[in-house]
Amino acid sequence: MRIGPIVFLWLLFFTLLVSCTDKKLPETTARDAGTPAYGDAIIIGSIGEPSTLVPILASDSASRDIAALIYNGLVRYDKNLKLEGELAESWDVSRDGLTITFHLRKGVTWHDGHPFTSRDVLYTYRVTIDPKTPTAYAENFKQVKRAEALDPYTFRVTYDKPFAPALESWDQSILPAHLLEGKDITKSELSRNPVGTGPYKFKEWTAGQQLVLESNHHYFEGRPRIDRYVYRIIPDSSTMYMELKAGGLDYMGLSPVQYQRQTDTPEFLSRFNKYRYPASVYTYLGYNLRHPLFRDKRVRQAMSSAINKDEIIQGVLLGMGQVAHGPYKPGTWPHKTDIGDFDYNPDRARKLLAEAGWQLNSAGMLVKDGKPFSFTILTNQGNDLRLKTALIIQQRLKAVGINVKVRVVEWASFLKNFIDKGDFEAIIMGWSIPPDPDLFDVWHSSKTGPRELNFIGFKNREVDQLIEEGRSTFDLKERKRCYFRIQDILAEEQPYTFLYVPDALPTVNARFRGIEPAPAGIMYNFIRWYVPKEEQLY
């Protein structure tokens, strides 16, 4: 791979990110590695069901989990969170950083046997930026001035100005042109019966129950060693844990209580390996800024002041997480350590609410213009941590005179009927934290439309400008200046109360070998996991 001198700054910020990434050793029982073999199945537990298996139409984690096994991008992050080629074998970047020429892998085929070529990449680019495609991911591709399929295995993109996430943006799943060109992608059968180039092929989807994938024996990186991937939908974490212990699951994410108090036994550790490392996600309480209750930033500041984040870390996560003060993972280069956030201070909360015109009535509840301060926090079914967090927040806000109701909604309905429509007052949700710090899709004011990711309706001209500046330079120092200032503004505006960055707590049946924890977690090398022949169950 040949790069221009400006683009060395791209590589520099990935190196800094990796050097700052924390990881903890797994809790495992020593076992002989055995002999690598093909076969067996892994059964994964999930609280959510995918919304669609056309990647550009989905924004939920369940859809992404499945799509990551079915599709490939041109590039991806390796175990150390450095960019490497996937469908692109290599690439050249011009000296000014404005042109990337991708050299695509030859001999790659779609699951139906059709050859993969630059035609597929060009189609994916065009359908993503098509105004008729309801996708949250178009903005990065809209920065492209010109996209060209120079020959079947050469694809070139040119930008009219520096765009820092340019190379990273091509990790987007590439779609099959021969099955989608000339058709309405929103009505494609690929939403339920996908065809990709990835390590696993779609087999079946039983709504509300499970999805089954089968290994792609012709995968360009080699046949995956695990033959089947079964994704079971179990909306309740406690039920999922019972299934795990009964042998109905091989993998799930444990809750802190399950990790610390229910699995620390010789019997469990003889059957399962446990892992713990800081997750690249944060959980937040988000306010619908279109709602009259939350338009005054003093009210949002008061809400954050009334919430004890340390209490949530200890009471909900059992200490297995960190307080979040902004949208970046602590310890990574974009994260600002000295943010002037609103920490727990109920007296300040009462003062701010009084300044905003809210007064306590005889019953100790806040009223303004004869109306009580009352709202509902929505969160999704099956995530016990979010429900417990909501209940703690409910009590803390009650202490300053705010009446809060908590409502739990089934995941698909939560997204379709409330989030996508902006029909909520406040929500508890989480965002993944990608390696590149660009915040456009979640925080830019142009992304507040239906099915877009700035669904709370946050609009701030300075933040817009800083986001645009941050993604329009390769200068790491300048990018850091932009993102540090954005964090200060978010801390002042409090559109979210940033709550916590949890530890990831996956557990995997001990018959699976080849798991190597890294900054990227444990799933990055899933196609190399295996079960020795004598231990295979399926």
Side-chain angles (χ1 to χ4, degrees), residues 1-4 7 53-57 67-78 83-95 97-130 133 135 137-138 140-160 163 165-185 188-190 193-202 215-224 527:
M1 181 181 70
R2 302 179 294 278
I3 61 175
V7 187
L53 294 180
V54 176
I56 64 171
L57 303 183
L69 295 170
I70 295 174
Y71 296 95
N72 301 105
L74 295 189
V75 299
R76 66 183 173 200
Y77 287 102
D78 69 8
L83 280 175
E84 65 178 6
E86 193 170 21
L87 288 173
E89 195 168 48
S90 63
W91 57 86
D92 305 320
V93 180
S94 62
R95 293 182 64 85
L98 299 182
T99 299
I100 307 173
T101 303
F102 292 101
H103 305 287
L104 307 182
R105 292 183 186 273
K106 297 177 181 178
V108 176
T109 59
W110 293 94
H111 294 158
D112 62 1
H114 198 279
F116 159 76
T117 68
S118 58
R119 171 191 173 194
D120 302 303
V121 186
L122 186 60
Y123 166 77
T124 300
Y125 161 74
R126 287 174 173 169
V127 75
T128 303
I129 64 170
D130 187 333
T133 302
T135 178
Y137 308 111
N140 285 347
F141 282 180
K142 287 181 179 178
Q143 307 309 307
V144 174
K145 178 183 178 182
R146 184 169 62 255
E148 307 166 274
L150 302 182
D151 62 47
Y153 298 103
T154 309
F155 179 74
R156 177 178 293 166
V157 284
T158 304
Y159 299 81
D160 60 4
F163 181 55
L167 187 57
E168 182 268 347
S169 70
W170 290 96
D171 69 347
Q172 179 165 305
S173 298
I174 302 302
L175 302 171
H178 68 287
L179 298 177
L180 288 168
E181 274 182 336
K183 299 179 181 179
D184 183 346
I185 194 170
S188 170
E189 64 180 16
L190 269 63
N193 190 7
V195 175
T197 54
Y200 282 84
K201 301 187 294 184
F202 177 82
S215 63
N216 177 6
H217 290 202
H218 304 291
Y219 185 51
F220 62 86
E221 292 186 298
R223 172 184 168 184
I527 67 169

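Note that the structure is a prediction, hence the values are computed from the model and not measured. The figures here come from the full heavy-atom set of this structure, side chains too, leaving out hydrogens, waters and symmetry mates.
- Counting heavy atoms of neighbouring residues, nucleotides and ligands inside a 6.0 Å radius, atom CZ of R126 does not exceed 12 of them.
- Contact detail for N216 and G198: the closest heavy-atom pair is ND2-O, 3.0 Å.
- Using a distance-only test at 3.5 Å, with no hydrogens or angles considered, a donor-acceptor pair links the side chain of S188 to the main chain of L190.
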Item to complete: Assess whether side-chain contact (heavy atoms from CB on, under 4.5 Å) is satisfied between K145 and L98, documenting all intermediate values.
Response: CA-CA 10 Å; K145 178 183 178 182; L98 299 182; over 6 Å; no
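- Under 3.5 Å, the side chains of T128 and Q172 contain a donor-acceptor pair of N or O atoms.
- H218 pairs by the ring pair (Phe, Tyr, Trp, His ring centres under 6.0 Å) definition with nothing, not counting sequence neighbours.
- Within the 4.5 Å cutoff, no side-chain heavy atoms of S118 are placed close to those of L150.
- Here the CH2-NE2 distance, from W91 to H103, works out to 10.5 Å after rounding to the nearest 0.5 Å.
- The main-chain N or O of R156 is never found under 3.5 Å from a side-chain atom of E148 such that the two would form a donor-acceptor pair.
- Side-chain contact check for L87 versus W170: every heavy-atom pair is 4.5 Å or farther apart.
- For the atom pair CG (D120) and CG (L175), the distance works out to 8.5 Å, reported to the nearest 0.5 Å.
- Rounded to the nearest 0.5 Å, atoms CG (D112) and OG1 (T197) are 11.0 Å apart.
- Closest of all the heavy-atom pairs between N193 and F202 is OD1-CD2, 3.1 Å.
- You'll find the side chain of L83 reaches within 4.5 Å of the side chain of Y77, heavy atoms only.
- Side-chain contact between V54 and L180 is absent, with no heavy-atom pair separated by less than 4.5 Å.
- Across all their heavy atoms, V75 and F102 have their closest contact at CG1-CE2, 4.2 Å.
- Among residues two or more places apart in sequence or in another chain, the ring pair (Phe, Tyr, Trp, His ring centres under 6.0 Å) test is passed with Y123 by none.
- Residues R119 and H178 form a side-chain contact, since some pair of their non-hydrogen atoms from C-beta on lies under 4.5 Å apart.
- Shortest non-hydrogen contact noted between F155 and A147 is CZ-CB, 4.0 Å.
- Among the candidates L167, T124, D171, V121, the single residue satisfying the side-chain contact (heavy atoms from CB on, under 4.5 Å) test with L74 is V121.
- Distance alone, capped at 3.5 Å, is enough to place a donor-acceptor pair between the T135 side chain and the I56 backbone.
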Practice prompt. Go through D151 and T117 one step at a time and tell me if the side-chain contact (heavy atoms from CB on, under 4.5 Å) criterion holds.
Written response: CA-CA 9 Å; D151 62 47; T117 68; over 6 Å; no
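- Atom CD of E181 has more than 12 neighbouring heavy atoms from other residues, nucleotides or ligands inside a 6.0 Å radius.
- Looking at every heavy atom in both residues, W110 comes nearest to I174 through CH2-O, 3.3 Å.
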Worksheet entry | side-chain contact (heavy atoms from CB on, under 4.5 Å) between Y125 and V157, intermediate numbers included | CA-CA 10 Å; Y125 161 74; V157 284; 5.8 Å; no
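- The distance from atom NE2 of H217 to atom CZ of R223, rounded to the nearest 0.5 Å, is 3.5 Å.
- Between atom CD of residue Q143 and atom CZ of residue F163 there is a gap of 5.0 Å, rounded to the nearest 0.5 Å.
- No side-chain heavy atom of V144 sits less than 4.5 Å from a side-chain heavy atom of I129.
- Residues forming a ring pair (Phe, Tyr, Trp, His ring centres under 6.0 Å) with Y71 (at least two apart in sequence, or on another chain): none.
- The closest side-chain heavy-atom distance from S215 to Y200 is below 4.5 Å.
- Between F220 and E86 there is a side-chain heavy-atom pair separated by less than 4.5 Å.
- Smallest separation of non-hydrogen atoms from P55 and Y137: O-CE1, 3.9 Å.
- One finds the OG1 atom of T158 at 4.5 Å from the CZ atom of R146 (value rounded to the nearest 0.5 Å).
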